[in-house]
4 protein chains.
Amino acid sequence: MKPRAISDAAKAEKKNSILLAALDEFYERGFAAARMDDIAKRCHISKGTLYLYFNSKDALFNGLIELIAKPKQQQLIGMMNQATSAQSALVTMTEFMPVVIEQGQLPKLIKILIGDSGVFPEVVQNYKTTVIEPALAALSQLFHRSNQSGETQIDDPELFARLVVSPVIFSAIWKAVFASGDALGFDLKKLFRLHQKVLINSLHIDQEK
Amino acid sequence: MKPRAISDAAKAEKKNSILLAALDEFYERGFAAARMDDIAKRCHISKGTLYLYFNSKDALFNGLIELIAKPKQQQLIGMMNQATSAQSALVTMTEFMPVVIEQGQLPKLIKILIGDSGVFPEVVQNYKTTVIEPALAALSQLFHRSNQSGETQIDDPELFARLVVSPVIFSAIWKAVFASGDALGFDLKKLFRLHQKVLINSLHIDQEK
Amino acid sequence: MKPRAISDAAKAEKKNSILLAALDEFYERGFAAARMDDIAKRCHISKGTLYLYFNSKDALFNGLIELIAKPKQQQLIGMMNQATSAQSALVTMTEFMPVVIEQGQLPKLIKILIGDSGVFPEVVQNYKTTVIEPALAALSQLFHRSNQSGETQIDDPELFARLVVSPVIFSAIWKAVFASGDALGFDLKKLFRLHQKVLINSLHIDQEK
Amino acid sequence: MKPRAISDAAKAEKKNSILLAALDEFYERGFAAARMDDIAKRCHISKGTLYLYFNSKDALFNGLIELIAKPKQQQLIGMMNQATSAQSALVTMTEFMPVVIEQGQLPKLIKILIGDSGVFPEVVQNYKTTVIEPALAALSQLFHRSNQSGETQIDDPELFARLVVSPVIFSAIWKAVFASGDALGFDLKKLFRLHQKVLINSLHIDQEK
DNA sequence: GATGAATGAGGATTCATTCAT
DNA sequence: GATGAATGAATCCTCATTCAT
């Protein structure tokens, strides 16, 4: 019974390394143009072995979404729900995001999702309903709460949440698509600090429309 | 001796209809997965005829960039350069953008560019330097000018320009990737009106950092 | 009735120029790889016009054989039949051949025939029976006659004829295949003068076997 | 970790059988008209497998040259260099050649080379400089040596070498192009015996020009 | 008669997937 | 479990041939 546990752990580990290889190949060439052979080579296994762990190219794609997207979303939602005020939440978020974008695999995943959304409409819809919309909802609710507590006067929290999120998408895509090597061409932290300032400055003034 | 069996105008028209078909196929399936056959069928010509007008799939891709991206950028830059004040420019832009996104082909093109950036690094870099960076530069210069005229106090116009642009990218991708059919799921005009309010509200306060 | 005659002459002229263009294209690329388009361009007509004169690519090939091979063969056979002695015939021939090879289209035709013999077995067989074998037969009969007249003692005129002809084939192929530009790399006239000397020297000694 | 599922020997064997299949297809239809599919079928493998061993049709062509031409040339040059006299060399050669032509694949290769010389000028030039010219040079040098030893009086060994070789080319092409089935239509051995006699008879008389 | 735009069958090549070792 | 050889469906692209102008 013990050996099984070890074997399972090793198996999970291998699955993981395959998925990371797939992430990079899908990111670099797109799903359709990526070759199973290259994915196998990238994690130093044979094509045959690859199929021992994932039954098809599609399975790889789905495994990838599962592996990377879900945890990030949990993190973000947790962050929103634990926030005591809209302002502190925005501060936390605008400091957290540059790190996620700069270091993480999220830009790669976003790029893949966008590029292959036509091929996997169900996956993308599923991603939308289980990852993106809950995250946006958590943000909106935060602003609803802060409106009720009197901290803010945001007349459309749903839209405001989208404004909050926009530079994340912009930066992720910029990094994934336009950055030459690692050089973004602008200072990500400063961008989000500016974003933070603009947002906080707008928390109280929405009524004056 | 060589009567032009088909007029140049008709030829250009046909090229155009082919490019629009390609736009849709590339958009729906991605460049790699799109089939030349399907592109041909979509504009009711044969595969052979398609190759009379474009020598390869790549040529189709490049033609697309030329057709769609360039004009939009000219329009945007013109808009920025004719602006008499930062505020009026922002108003114009935030009213113009929802229309571009809702009706135009820009979201499709952006989606294609992102999805296939790995396959066409040169095209994407070229797009970056000839379309995106000039547009961002025009925006930045607008804010530089309004800073000098005393209208605004924006301490980093380059980054501010990126904040201004972020919801355009966000909305374009949302439309191209997540929208079910035509339903965006939120009110694009309202979003940009909110964006406009937040931005204008921030034109004077950047110094208080 | 007159206009018809002129028209027919013009037609024949045009057919001829087409065939010469075809000769060069077939020679340069082989029958299968040659393009009708290129043949048309080479004689400054359109592809459509080409088909007014020849119904198919095959028809072009057949027309070519007809045009070039037959006359040469007539010339050669005439030469053999008019010869008064084996020796004078050999002299005439070995002086005639270098010119044919150096200036004429025969090497090109031979090269085409060889290269595409697999695709047109009937044409090649037809060429063999109507052009080559009669020519070889004329040669053989010449030697039979000279044997009977006592001029020569060739015990196998059929094989001797083939020896006589060998350097023609060798040179034709060398020119068509290996010559860089026009430079054969050796002196064709000298080769055939040597050939002549060797042959004449052998006319009397075949009995000593 | 990477057991060689197939031995190197087996791999080489397979490559060989593919090349022989390619030889026949190229021979029968010409390079351009030969179909990869047919080559594969001829050696009972799939098209995909064919590409495991040769990356392209061109690679197949080049492999063929390597496989067949080189060894023959080595054999011929060795023969010339080991000869103790011009006469014995000619005897050896004229007895060896009918066998090579009758049984070997050289006629097929020669036919292919001629037919596709326009498509592969580099290959043909390479073949000329590495196979044909060395062989001709070896022959010439043999006659130079025999001239010096007093055995022969050949005033132009380079041209004489070409005369020696001519019936080889003639016979090879006759077999590849004109022979119906296996029947050449004449006696190859006798032809070369006659050739031998004519040549040997000419070794001493060249001076009398 | 002449043109060249249009067609689509045909062929080289790639690559996801299978399976014997 | 691991391997990589083998397969063949799928897709880009070419080019002989047709036909409306």
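Proteins come first, then strands; the chains are lettered A, B, ... in the order of their sequence lines, and each starts at number 1.
- Note on B/A40: nothing from the nucleic acid sits closer than 4.0 angstrom, heavy atoms only.
- You'll find the side chain of C/Y51 reaches within 4.5 Å of the side chain of C/M36, heavy atoms only.
- For E/dA2, the OP1/OP2 oxygens have no side-chain nitrogen or oxygen of C/S46 closer than 4.0 Å.
- The side chain of B/Y53 approaches E/dA6 more closely than any other nucleotide in the set F/dG1, E/dA16, E/dA6.
- If you check every strand for non-hydrogen atoms under 4.0 Å, B/F54 touches nothing.
- When the side-chain nitrogen and oxygen atoms of C/K11 are compared with OP1 and OP2 of E/dG1, one or more of them lie within a distance under 4.0 Å.
- Closest to the side chain of D/Y51, from the set E/dT13, F/dT18, E/dG1, is E/dT13.
- Counting atom types as modelled, D/K47 pairs a side-chain N or O with a base atom of E/dT13 as donor and acceptor under 3.5 Å.
- In terms of phosphate contacts, D/K14 brings a side-chain nitrogen or oxygen within less than 4.0 Å of OP1 or OP2 of F/dA6.
- With respect to D/R42 and D/E28, a salt bridge is recorded, a charged nitrogen being found less than 4.0 Å from a carboxylate O.
- You'll find the side chain of D/D58 reaches within 4.5 Å of the side chain of D/F120, heavy atoms only.
- Considering only side-chain atoms of D/M36, the nucleotide from F/dA5, E/dT3, E/dA12 that sits closest is E/dA12.
- Using a 30° and 60° split on the angle between ring planes, C/F61 and C/F26 fall in the tilted class, from 30° to 60°.
- For B/I45, the side-chain atoms get nearest to E/dT7 when compared with the rest of F/dC15, F/dA5, E/dT7.
- The existence of a salt bridge linking A/E25 and A/K57 is excluded, since no basic side-chain nitrogen approaches an acidic carboxylate oxygen closer than 4.0 Å.
- With hydrogens and angles left out, the side chain of A/K57 and the base of E/dT17 share no donor-acceptor pair within 3.5 Å.
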Taking Watson-Crick and G-U wobble contacts under 3.5 angstrom, with | marking pairs to another strand and [ ] crossing pairs, the secondary structure of DNA chain F is written .||||||||||||||||||||

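- When the nucleotides E/dA12, E/dT7, F/dC12 are ranked by their closest atom to the side chain of B/T49, E/dT7 comes out on top.
- Counting any heavy atom pair closer than 4.0 Å across all strands shown, B/A34 reaches sugar-phosphate atoms only and no base atom.
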